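Notes to accompany the following structure.
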Amino acid sequence: MQGENTSFDEIKNLLASGDFAQAFSLSKNFARENIADYNLLERLFKRIQKSGALLSLKPVKLAILADSTTQFLRPIISLFCALRGMNLEIYASEFASFKRDILDENSDLYAFKPDAILLLPSVRNFYFAENFSADEFVREYISFWEILKARTSAEIIHANFDLPTFEGILAHSSKVSRAFALRSISCKIFEEAQTRGVSILDLSLLQAQFCGQWSDSRLWYTARQHPSLNALPVVCDAFSRILRAKFFASKKVLVTDLDNVLWGGAVSELGLNGIVLGSPSAQGEAYCDFQRYLLSLKNRGVLLSVVSKNDLADVEDVLKNHSACVLRQSDFVAIKANWNLKSQNILELSESLNLNLDSFVFIDDNSLEIAEVKSRLPEVECVLMQGDVCDFVERLSGFDFFDLLDVSDDDILRTKTYADSLLRKDFSAKFESADDYLKSLEMTCEVLDIAKNVSRVSQLFMRTNRFNLTDSRLSESALSSLNFSDDSLFAKCYLLSDKFGSLGIVGALIAKKSDKNSAWEISDFAMSCRALSRNLEHFMMLDFCEFLKSKEQEEFLASFVLTEKNASQKDFYKTLGFEKICENGAKEIWKASIKNLKISSPKILRKA
Amino acid sequence: MSATSNLIRSAKIAFMDDKLQKIQSIFRELFDDDSLQISPDFSQKDSVDWDSLMTVKIALAVESEFGVKFLVEEIANLKSVSDILKKLQ
């Protein structure tokens, strides 16, 4: 699809005929190609809006708190969010009254109940004063963030200041200048946001990357709009990526080809010393940098895997012995070098890693291979890496597949954890019964409070599809807003280990009692794919039952929301001896009494 | 003498028509209305969609089409098609 010129008329026709999927796919390219054309993008959004295509997207309520106009921003921010699967409902504070909105707890802002809040102070309204202090200035923002966190469960995104290019280059070096002050504010904001769960929309970076007229003074004085209309779509695009990363799971696996993707030339023909990789070749250096980019993805928790038509010995030779090769064997969760169909290899990976195909991205320089995988495995996202290797990093990072806002310890260890799990698979082949196997794993489980593991647990709910019984997507703020000290809340997470190592926190269960006389109800229940078939779900259920017994409760409820992704679990509660008491669309309520539960004791030792 | 001035006059009209045509297609795009007919008299009063924001959009679109540049006060006073034509003379 890349590089094709999509026409507006084509999209219009597709929208009119109701083929929204194709229309959106073309619109994404169209928006990318015409990103500096404000009017065209606005028209595109109007068409999408009229077509009714927005209704099938995830509704997201966004509050924009700005001290300049939001009129120009709104349609474009809605467009880019729509192209990333979100239907925005926007609340914008009255002109320049956003501080009052935040401070007044009865303001319309809070009545709106936003899912996300964008704080957008304009650099045009920032004036430098003699007694300026960056610390003091940022303290006001911090207090806003804290108030917003306390009064809403919204994700908070703060736009830092871009720099006033209109003041000349020398202004930046003087300590008593607006530019200098703005830079110190930005540094401070980045530091503080990190620790407070606030995301930054980095206008300063976007400004630096933007080719064209960023600033338009006339637009500011006539309409209170900054930056220019040419630059505005880039800002909206970046914002929609942040929001997407907040509300949707990112891709988990990158499957890469080798020859002419990780190095130049074919290793089977040229041998270890013949391939183009590393200095002094210009191309060779670019291949190294592309490998570094993939390594950075791995360090953020993306699983790398090789699928290449090569002899394994050649491949291992390069990964082990080439002095310029950045990626080593241990950086990959699996290496499939053989002559099978690539789709077949990817399918096997999906099975052995226990990850759905729609969490895979496949890159290759051969358009036939891309076409083969695309046609057999349409869920896999495919990117053709053709042309100049110098552009590879930019091409791949231009997609939002691997956007992830926070990196947890779990992300850093993910490749090792999954590689361990493949070892376990080999090990399991030796056993006759599943029980024998599970016993031999010597599993232990530590039960922890969600309160102290909010970041990882939120990630678990965001990323897990298959065993996510109510399709919960609990953000960090949503989890933090739970009242953990309340004794009508049960919120535990489960850290599983076995003789091969730790799997990390792989399960979470939340149950509530809505009032004193009502029954306990499991509202959120998720378990990572890597803990499937280990009976951890039974361990978790029994743990909850123990808790209920301590409260002298015999009966309890559990909700279940059926989705395409968790269909394999649709009989989960039935098998355990629950009874379905109510069904409303995809949502079901199940009821159980502890004494009738059919759960055999799992082979997991509880760790104190 | 009068023949020449007539010629100049009709050339001017043709020139104006060409501009009006271009302005019309700008307006059709911005107002998202493919059947919109405009004349020099067409003004802010003739369309509810023509608010202050639209004025800015019109000014920017005219600038990129005709290679002119409006001053801030010209944008503030831009209220009809004839205001645009005046700027383009």
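Just so it is clear: chains get the letters A, B, ... in the order the sequence lines come, proteins before strands, and each one is counted from 1. Values in this document were obtained by computation on a predicted structure and should not be read as measured data.
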Please walk me through it: do R84(A) and D237(A) pass salt bridge (charged side-chain N to carboxylate O under 4.0 Å, His left out)? CA-CA 9 Å; R84(A) 297 204 150 89; D237(A) 182 35; 2.7 Å; yes
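At a 4.5 Å heavy-atom cutoff, the contact between R218(A) and chain B is made by backbone and side-chain atoms alike. At a 4.5 Å heavy-atom cutoff, L40(A) makes no contact with chain B through either its backbone or its side chain. With a 4.5 Å cut-off on non-hydrogen atoms, E42(A) touches chain B through its side chain but not through its backbone. Using a 4.5 Å cut-off between heavy atoms, V72(B) contacts chain A through both its backbone and its side chain. Only the side chain of I75(B) has a heavy atom closer than 4.5 Å to any heavy atom of chain A.
Remark: F45(A) CZ to R74(A) CZ distance equals 11.5 Å, nearest 0.5 Å.
Ranked by heavy-atom pairs under 4.5 Å with chain A, the first of T55(B), D32(B), L71(B), L60(B) is D32(B).
Nearest heavy-atom pair across S43(B) and S80(B) is CB-CB, 3.6 Å.
Ring-plane geometry between F30(A) and F8(A) is classed as parallel, the angle between the planes falling under 30 degrees on a 0 to 90 degree scale with a further cut at 60. Ring orientation note: the planes of F31(B) and F27(B) are close to parallel, at an angle under 30° on the 30°/60° scale.
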